[in-house]
2 protein chains.
Amino acid sequence: MPNNTSESRVAKLCVDKGLKMTEPRKVIAKVLSDSKDHPDVESLHSRVRVLDPTISIATVYRTMKLFEDTNIVTKRDFGDGRARYEEIQGDEDHHHHLIDVRTGKVIEFYNEELERLKVKIANDLGYELVDHHLELFGSPINKN
Amino acid sequence: MPNNTSESRVAKLCVDKGLKMTEPRKVIAKVLSDSKDHPDVESLHSRVRVLDPTISIATVYRTMKLFEDTNIVTKRDFGDGRARYEEIQGDEDHHHHLIDVRTGKVIEFYNEELERLKVKIANDLGYELVDHHLELFGSPINKN
DNA sequence: TTATCTGCAAAGAATTTGCGGGAGG
DNA sequence: CCTCCCGCAAATTCTTTGCAGATAA
């Protein structure tokens, strides 16, 4: 049963990394490639189900861990209790998040100075920066 | 049964904020005041048990939520699945964390430029910064 | 007194895992 | 084939909560 999952960006990454391309992985890869937000596992699973209702949530969990270990996605933590995932783009496309505390809306941003600064801070402490978490939580400034 | 919990900094904060000062809260307050690390609820509970073995872990959870809502402690997330807590000092004592990925050691740091920058970023996006998460993960630079 | 708090144990929510059958290379 | 993968359901881990008795103010 062909479904148009063969050409997704994430699927290509899997092939590049030598992962066994099973049907569930193809579908999950496509869903990730098509997602422009930061879905949690439950959201991913329901999107995946549309394409293939036989895929279990356990497989989504296992696949996300695999993709994380293979640097295909990153895990995000927006303060609610669950993990969210986002496809890794290139270094150029690196960004952070500001979460609107009123609406929960997530705004992505990139700041050159910030990138420089966090590397410098780690170096000054005697460390090479290997990862970081940064989320800002903000309340919209009243424009009235 | 007197125990030397009456004078802890956190206990004073509780009184200041008008919280009912029960025995469990006094003990938990003392443990927090004496903690210079970032304990999770299980660690807190075992420290609390030393002073009073009758205090349940449910009370520790409830009390930490209360202290969080009352701005006595802040919740931290270091990437392992559990919440960690730290007493709020003053604005001057605000800091962030760098986690050594080899040893798990947590290094606290403060950076003026960073403070300025994150407020500016939020403002530029049309938001007032109300909270933020920032943790750096680093690998020690080989000094050989 | 009286509203709040606590311990206990059960419930929840997110995530992981053992197992036997199934599928990719 | 042969290893790795999957669905299922049970198990784990962290955290919350209903209840009935206890306690601070």
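Not measured: the values here are computed from a predicted model. Throughout, a chain's letter reflects where its sequence line sits, starting with A, and its residues are numbered from 1.
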By side chain to side chain donor-acceptor pair (under 3.5 Å), B:Arg76 pairs with (sequence neighbours left out) B:Glu86

Any donor-acceptor N or O pair under 3.5 Å, side chains B:Glu115, B:His96
yes

So, does A:Arg82 get its side chain near the phosphate of C:dT15, meaning an N or O under 4.0 Å from OP1 or OP2?
no

Please name all residues satisfying side chain to side chain contact (heavy atoms under 4.5 Å, CB included) with A:Glu128, sequence neighbours left out, ordered by chain then number.
B:Ile141

Under the side chain to side chain contact (heavy atoms under 4.5 Å, CB included) rule, collect the residues that match up with A:Lys120, sequence neighbours excluded.
A:Asp124

Could you tell me which residues satisfy salt bridge (charged side-chain N to carboxylate O under 4.0 Å, His left out) with A:Arg84, sequence neighbours excluded, listed by chain and number?
A:Asp80

Could you give all pairs that pass the salt bridge (charged side-chain N to carboxylate O under 4.0 Å, His left out) test and reach residues 32-50 of chain B, with sequence neighbours left out?
B:Lys30-B:Asp34, B:Asp37-B:Arg47, B:Asp40-B:Arg82

For the pair made of [atom1] in [X] and [atom2] in [N], what is the distance, rounded to whole Å?
{"X": "B:Asp69", "N": "D:dT16", "atom1": "CG", "atom2": "P", "result": "11 Å"}
{"X": "A:Leu44", "N": "C:dT15", "atom1": "CG", "atom2": "P", "result": "11 Å"}
{"X": "B:His45", "N": "D:dT13", "atom1": "NE2", "atom2": "P", "result": "17 Å"}
{"X": "B:Asp77", "N": "D:dT13", "atom1": "CG", "atom2": "P", "result": "19 Å"}
{"X": "A:Phe78", "N": "C:dA14", "atom1": "CZ", "atom2": "P", "result": "16 Å"}
{"X": "B:Met64", "N": "C:dC5", "atom1": "CE", "atom2": "P", "result": "16 Å"}
{"X": "A:Asp80", "N": "C:dA13", "atom1": "CG", "atom2": "C1'", "result": "12 Å"}
{"X": "B:Ile57", "N": "C:dA9", "atom1": "CD1", "atom2": "P", "result": "14 Å"}

Name the closest nucleotide to the A:Ala83 side chain, picking from C:dA14, C:dT15, C:dT6.
C:dT15

Heavy-atom contacts, protein to nucleotides 17-25 of chain C, under 4.0 Å, summarised as B (base), S (sugar-phosphate only) or - (none) per nt, yield BB-----SS

